[in-house]
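What you see is a predicted model, and the numbers here were worked out from it, not measured in a lab.
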Amino acid sequence: MVRTFDNASKIDQLFFELGASYSLNKYLGFAASYRIGNYVEDDYLYHVRNKWFTDIKGRFRQVILFFLPRQIPDSGKNIY
């Protein structure tokens, strides 16, 4: 996926995301995904970032009772 800024004249983010979801039963489900990408930082250079996302969703009779998304924070810039 590509995200742009300045009326689509510059690339802000370029990333790839892979995820999976699992329904334990008709009331409870889990999901997780991983994203790796290049992001423009304050120094106007691209830096590789990793992100993990998880969520838990509960529902009863087609009504979502709770949705608990969680982004696991990045520990800093990756140096390659």
Report the distance from atom [atom1] of [X] to atom [atom2] of [Y], rounding to the nearest 0.5 Å.
X   : Y   : atom1 : atom2 : value
F16 : Y34 : CZ    : OH    : 10.5 Å
K51 : I36 : NZ    : CD1   : 12.5 Å
R35 : W52 : CZ    : CH2   : 13.0 Å
Y27 : K57 : OH    : NZ    : 15.5 Å
S21 : D55 : OG    : CG    : 8.5 Å

State which residues pass ring pair (Phe, Tyr, Trp, His ring centres under 6.0 Å) with F30; sequence neighbours excluded, sorted by chain then number.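 F30 satisfies ring pair (Phe, Tyr, Trp, His ring centres under 6.0 Å) with no residue once adjacent residues are dropped.
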Quick check: closest heavy atoms across K26 and R59, and the distance to 0.1 Å?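 K26 and R59 have their closest heavy atoms at O-CG, 3.5 Å.
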Do L68 and L24 land in one hydrophobic cluster if side-chain heavy atoms of ILVMFWY residues count as linked below 4.5 Å?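 Per the 4.5 Å side-chain linkage, L68 and L24 are co-clustered.
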Single-linkage hydrophobic cluster, 4.5 Å side-chain cutoff, L65 and I56 together: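 Linked within one cluster.
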